[in-house]
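Just so you know, these numbers come straight off a predicted model, no measurement behind them.
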Amino acid sequence: MGTASSLVSPGEVIEDAYGGGGGEACEIPVEVKPKARLLRSSFRRGPRVIGASFKSTGSVDLEYAAEYERLRKDYEIFRVSKNNEITSMQKKEAKLDEENKRLRAELQALQKTYQKMLREKESALEAKYQAMERAATFEHDRDKVKRQFKIFRETKEKEIQDLLRAKRELEAKMQQLQAQGIQVYDPADSDSDDNRTNVTTAGAQSEYWSGGVLGSEPSMGSMMQLQQTFRGPEFAHSLIDVEGPFANVSRDDWDTAVASLLQVSPHVSQALWSNTVRCYLMHTLETQAEVDIFIKSYCPRLQKLCERLGHFYLNVSFPDDSASCYVAERRQEIERSALCILLLKSSVTSSLVEDAEEAFVKNAEARPLLLYLRAGDDASVSGPARELVEKVTAADKAGKVKVIDHSGHAEAGASLIYTQLEKVIKQELLGHEGADGGEGKDSAAEDEREEEEEEEDCSDVLWDPHDEQEQIEAYQQASRSASHLGFQKYIERLNDMVAAPPPIPPLLVSGGPGSGKSLLLSKWIELQQKNSPSTLILYHFVGRPLSPSSEPVLMIKRLTVKLLQHFWSISGLSMDPCKTLEEFPRWLERLSSRHQGNIIIIIDSIDQIQQAERHMKWLIDPLPVNVRVVVSVNVETCPQAWRLWPTLHLDPLNPKDAKAVITTESLGGDIRLTKEQEKKLERHCRSASTCNALYVTLLAKMIANTWTAWCLDRTLEQCLLCQDTVSLYRLALRVVLDVLGTDRSRRIMREMLCLVCVSHNGVSESEVMELFPDLSWPILASLLYKLQSLCVVTLGCGLIKFQHLQAREAVRLEFIEGEACSSTHRERLIQHFSQQLSRDRVTWRVADELPWLFQQQEDRAKLQRCLLNLFVSQNLYKRGHFSELLAYWQYVGKDKSSMATEYFDSLKLYEKSCESEDSMTRLANLYETLGRFLKDLGLLGQAVAPLQRSLEIRETALDPDHPSVARSLHQLAGVYVQWRKFGNAEQLYKQALEINENAYGSDHACVARELDSLALLYQKQNKYEQAEKLRKRSLKIRQKTARQNGNMYGFTLLRRRALQLEELSLGKDTADCAKTLNELGVLYYLQNNLEAAKVFLTRSLEMRQRVLGPEHPDCAQSLNNLAALHSERREYERAEELYESALDIRRRALSPDHPSLAYTVKHLAMLYKRRGKLEKAVPLYELALDIREKSFGPKHPSVATALVNLAVLYCQLKKHSEALPLYEQALKVYEDSLGRSHPRVGETLKNLAVLSYEEGDFEKAAELYKRAMEIREAEPSLVCGKAPSRHSSNGDTFSLRGPALHPNAPR
């Protein structure tokens, strides 16, 4: 193989391994290592030769051994050093871990210390705040007690002085009467205008245009005259008779109270049923053309008129071919109708005769009646129609039926019907001014409406009459229920609560749904009003959740306004929702210290109020000593904090009461149950759910209203399967569906109930007719009749609503399948109301429903666009729905400032499209509304700009001296007052005062408002003398306004005086006590408590007969007042007997010219006239004329009034020749005493014109009528004048008992 050198490449040298430092410095070639391996391996393969010399190979081994040893040593040294380093690092790591643990422990300790200190700080702050709150509460309670004690002391001192003074006056008067034996008469105390000359100054609206034509009674009102539709003028005269039932009542205090109440009391028409003008049309095929034209051309105008005034208009008629199928429905609709129209020609049908007899004969005085006679070729109504007309004429004793005798085309007849109908609706039903509108006078009506809106805006109190009417109807609906359901024990408990010594917490009336809580409270309210007239009762019935009645701010505001009706000023009422909730307890405290009696506040279903526990905190605070609060709740939803109050729990009905309810209802429906059926019902009504009051009532309704499709056994079988009220309601719905004859009717019923379910407040009947164009009125009337008879729906404020929450739940379960179905129905309503929505005209229904529907659909974009329709927001704000408007904006996501910016930008955009004067006027109203809205929100800086812009527009578009400019100045001044810029506010108030004085005269209500504002401003500046002068002047104006308007809305002084008189009437039988009882009867009558009035007046009469003798003149006074009360109750026969007895006594006891004799003569004559006994009335009217001539002289205006009364009576008796000189004599007296341009002169001229026309002297009639119209046109037209009398008529309307124009005469 060769030597080792053979492994080395040529030219390379390998040094000796033993030279050069033991091999450390030798240079080893690259290939050495592998070659060395080969060498060693070759050595291992072959046997080692002993003794052989391999010097090169041995040196290599030694070299590698040394290298290995060296490397090993280096490794050991390296390993040891690294181990030492690792050990050192481990020690350091352990030391760092220990340090880290120590630092972490310290950090945790510090954190615990920090948390402890933080908790201690929070506890200290909380304790500080609690201490501050306790201190503030203590301070407030201390001031409250001091203030209450001061008011209580002052009030009691004043009452004692008033009682002592009244006692002294009564004693002095009685001594004087006993000494002289006659009654003292002061003309200034008389209640009649007959002895008062009232010359109308420039700028003041006259009140005497209420008579005017034959068949009408001239105005005889006074400052106390009642103007409600249910009061006749004669009782006002007999109440405040010359003997003086009000001798101890300050007329100034009374006038002041009435004047302030006129600002806040809403007028709810008594003639309308559920806020709807229902016009019942009775006609035949012969007059079908007039009806079709009237419905097509004129009904939209009437509907627009009623909607503008916040009411619904509805035509009701049943075709002859199907009228026999709707007997009960027709009778119900006639009862509910506000007016009835009978259109006749020659033929009649049986159904028409039935309806005409029901409306025109049996209940002729219940409502306005209109008779349209379509004459035939012979210019007269012929055939059976004539017989019906004669029946109507004979029944019309009061001359209320208005006749339209027409022989022309059907279009002209429809126009005459519309003209008269518009006049009746405005004057008699709605109490609205300007009844001369008609065809061709729309612009005038629009102008008048604008003026009324402006006048309404003048008031600082925003009120929605629909909310008040909803509450009234809710109370009436509950109180009308015939079944008491065993409530006597609960009523006694409530009475005990009222009589308990104060202070007491609110009383909680609890029970399950449908247990009868609302019924119990309404019955108790009714009893309290009868038995305790001095008690002030405020009630609020909450409807379903999310309805306006459940809005806490609206509820508290309504109760506050009700409280303020018993104050003399309302200037402190705030419109801010937060302030409204805060200030109600203060108003309650202030009134309780002044009210002479208990105050009871009743809130039904208070747990349904939104966030009730938060907004009803005032219930937890101690109540004033004479305030009682009763609230009802469901057991399941009662807040925990209220469960500690005294609780009256309504138990389920016992079997005896349940059986009585079912039996009573069945007998009413002419259903007689067998003993076996009664046992089944008795076994069924044993559980808590089946003994529920609502369940038992509904079960009784189901049995009593068993229709032909369902026999009694089937009805009972199905009812007994229902174990709760909701399931029974679902059965009732299925029953009605089965009874309906067609699938179309069933579909309409389902969809209508679904629409009612998803709406905000319900759906009106007219809206249902618009939503279902193929629906006829008889079908809708029949459907509603069935649903109402089963307690499913009711009509409230003109809207179809569910009668109970369980009925709504049954409809939801039966007909609505999920949220998608609800959304579909809401979209249908949205589409309907969106079609009605126009840019500058919005009805209250659109404003109530459309934003709420958008909110329920969670469509914020459309909701914002709807709110930015300025007229929607204006409608909500002007009706007092302040908090609702704010809630919508909060849902959209806008705060107050951004909302104001949005409104202002929208107004600027709208302003670009305004060109005409009318549009600019509406724009000014919008700017003013926005300014008032922002002022109420407290955004005074942002409120100035829109109010200034409104002022600029009105000054430019109208006139700088226009009354609307004064309105803008007044509102702008109010902002400056809140801003405490009194100098600017004073200047603006003075400018507004000057404008109103120039426009209306110095005695107008607007002038009084500016004077009050200035007085309040001076009071804030401590200028008390100037403030007192202005306040006295304002007081005189309001007294005069109260006398002219004659409204009797306020009962504060009546109740206070009644309480004083009750204390005085507790003595023995004396003449003084009898007179006190008489006065009590008068006061209770004025509170509309006729039962209590009758009791006291009867007691007074009996006591006087015992003490003074039956022939004493005081007995005649009691007889006179009792007669007036019976006349009010339409008990005319009894009233006539009492008046005749009073007249006999006074004729024997008094002189022939005594004023008391004149009063009795006048009222008896008016009663004879009302009952159609005209011949018996003539001598009494002549006697009244003779008494007045002797009392006042022949030239006094009251003598002229008596002459006119007698002349009217002669004309009704067709004695025109005897009436003519009386009219001429009356005209001369009026001209001499009142002036040739006085309104009463115009009335007399108008009567003379009609009389001359009847006598055939057409030229004289035209001359007289022209002069009468000149006097009337010369009268300044005011915004708030007096409505013409409902007895007056002109044009084509004539009394059945009075003369009528010839049919062919020019009109």
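Proximity of Tyr1018 to Leu1030: side-chain heavy atoms (C-beta onward) are separated by under 4.5 Å at one or more points. Residues Asn869 and Leu850 form no side-chain contact, since every pair of their non-hydrogen atoms from C-beta on lies 4.5 Å or further apart. Between Val1007 and Arg1033 the shortest side-chain heavy-atom distance falls below 4.5 Å. Counting only heavy atoms from C-beta outward, the side chains of Val944 and Trp979 approach each other to under 4.5 Å. A heavy-atom distance below 4.5 Å is found between the side chains of Met899 and Phe933. In this structure the side chain of Tyr888 reaches within 4.5 angstrom of the side chain of Leu876, judged on heavy atoms. Counting heavy atoms from C-beta on, the side chains of Leu885 and Ser873 come closer than 4.5 Å. The shortest distance between side-chain heavy atoms of Ile472 and Tyr539 falls below 4.5 Å.
Checking Ser549 against Gln471 by side-chain atom types alone, no donor-acceptor pair falls below 3.5 Å. Defined by atom type and a distance below 3.5 Å, a donor-acceptor pair is missing between the side-chain atoms of Tyr976 and Glu986. Between Tyr1024 and Glu1028, the side chains place no donor N or O within less than 3.5 Å of an acceptor N or O (distance only, hydrogens not considered). A donor-acceptor contact closer than 3.5 angstrom is absent between the side chains of Ser898 and Thr901. Side-chain contact of Glu997 with Ser1002: a donor-acceptor pair under 3.5 Å is absent, judged by distance alone.
Between Ser906 and Leu868, the shortest heavy-atom distance links the atoms OG-O, 3.2 Å. In plain terms, the two heavy atoms of Pro548 and Leu554 that are nearest each other are O-CD1, 3.8 Å. A pairwise comparison of heavy atoms in Ala943 and Leu934 identifies CB-CB, 3.8 Å as the closest pair. Nearest heavy-atom pair across Ile1037 and Ala1008 is CG2-CB, 3.8 Å. Here the closest non-hydrogen pair linking Val892 and Gln864 is CG1-OE1, 3.4 Å. Taking every heavy atom of both residues into account, Ser968 and Glu928 meet most closely at OG-OE1, 4.3 Å.
Put simply, the side chain of Ser950 gets close to the backbone of Ala924: a donor and an acceptor are under 3.5 Å apart. Put simply, the side chain of Thr560 gets close to the backbone of Ile556: a donor and an acceptor are under 3.5 Å apart. Formation of a donor-acceptor pair under 3.5 Å by the Asn275 side chain with backbone atoms of Gly310 is found in this model. Between the side chain of Asn996 and the backbone N or O of Ala992, at least one donor-acceptor pair lies under 3.5 Å.
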Are Asn925 and Arg954 close enough, and set up right, to give a side chain to side chain donor-acceptor pair (under 3.5 Å), and what steps lead you there? CA-CA 9 Å; Asn925 292 337; Arg954 284 172 175 163; 2.5 Å; yes
Next item on the list: Show your reasoning for whether side-chain contact (heavy atoms from CB on, under 4.5 Å) applies to Tyr910 and Leu926.
Entry: CA-CA 10 Å; Tyr910 176 72; Leu926 290 172; 3.8 Å; yes
Problem set entry | Check against salt bridge (Lys or Arg N to Asp or Glu O under 4.0 Å), Glu589 and Arg586 | CA-CA 5 Å; Glu589 177 187 338; Arg586 301 172 193 169; over 6 Å; no
Between Tyr927 and Leu947, does the side-chain contact (heavy atoms from CB on, under 4.5 Å) criterion hold? Intermediate values first, please. CA-CA 6 Å; Tyr927 270 117; Leu947 289 176; over 6 Å; no
Set out, in order, the CA-CA distance, both residues' side-chain angles and the distance that settles side-chain contact (heavy atoms from CB on, under 4.5 Å) for Glu955 and Leu951, then state yes or no. CA-CA 6 Å; Glu955 288 180 337; Leu951 177 61; 3.7 Å; yes
* **Test side-chain contact (heavy atoms from CB on, under 4.5 Å) applied to Leu930 and Gln874, step by step** => CA-CA 8 Å; Leu930 177 59; Gln874 184 187 45; over 6 Å; no
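Looking at Glu911 and Lys908, no side-chain N of the basic residue comes within less than 4.0 Å of a carboxylate O on the acidic one, giving no salt bridge. The existence of a salt bridge linking Arg845 and Glu307 is excluded, since no basic side-chain nitrogen approaches an acidic carboxylate oxygen closer than 4.0 Å. We find that Lys1029 and Glu1025 are not joined by a salt bridge, their nearest charged nitrogen and carboxylate oxygen being 4.0 Å or further apart. Between Asp848 and Arg879, at least one side-chain N (NZ, or NE/NH1/NH2) sits under 4.0 Å from a carboxylate O, which counts as a salt bridge.
Remark: Trp889 pairs with Tyr903 by the ring-ring contact (aromatic ring centres under 6.0 Å, His included) rule, at least two apart or across chains.
Here the straight-line distance linking atom CG of Leu907 with atom CZ of Arg949 works out to 10.0 Å at 0.5 Å rounding.
Judged by the 6.0 Å distance and 45° axis criteria, Arg860 is positioned over the aromatic ring of Tyr891.
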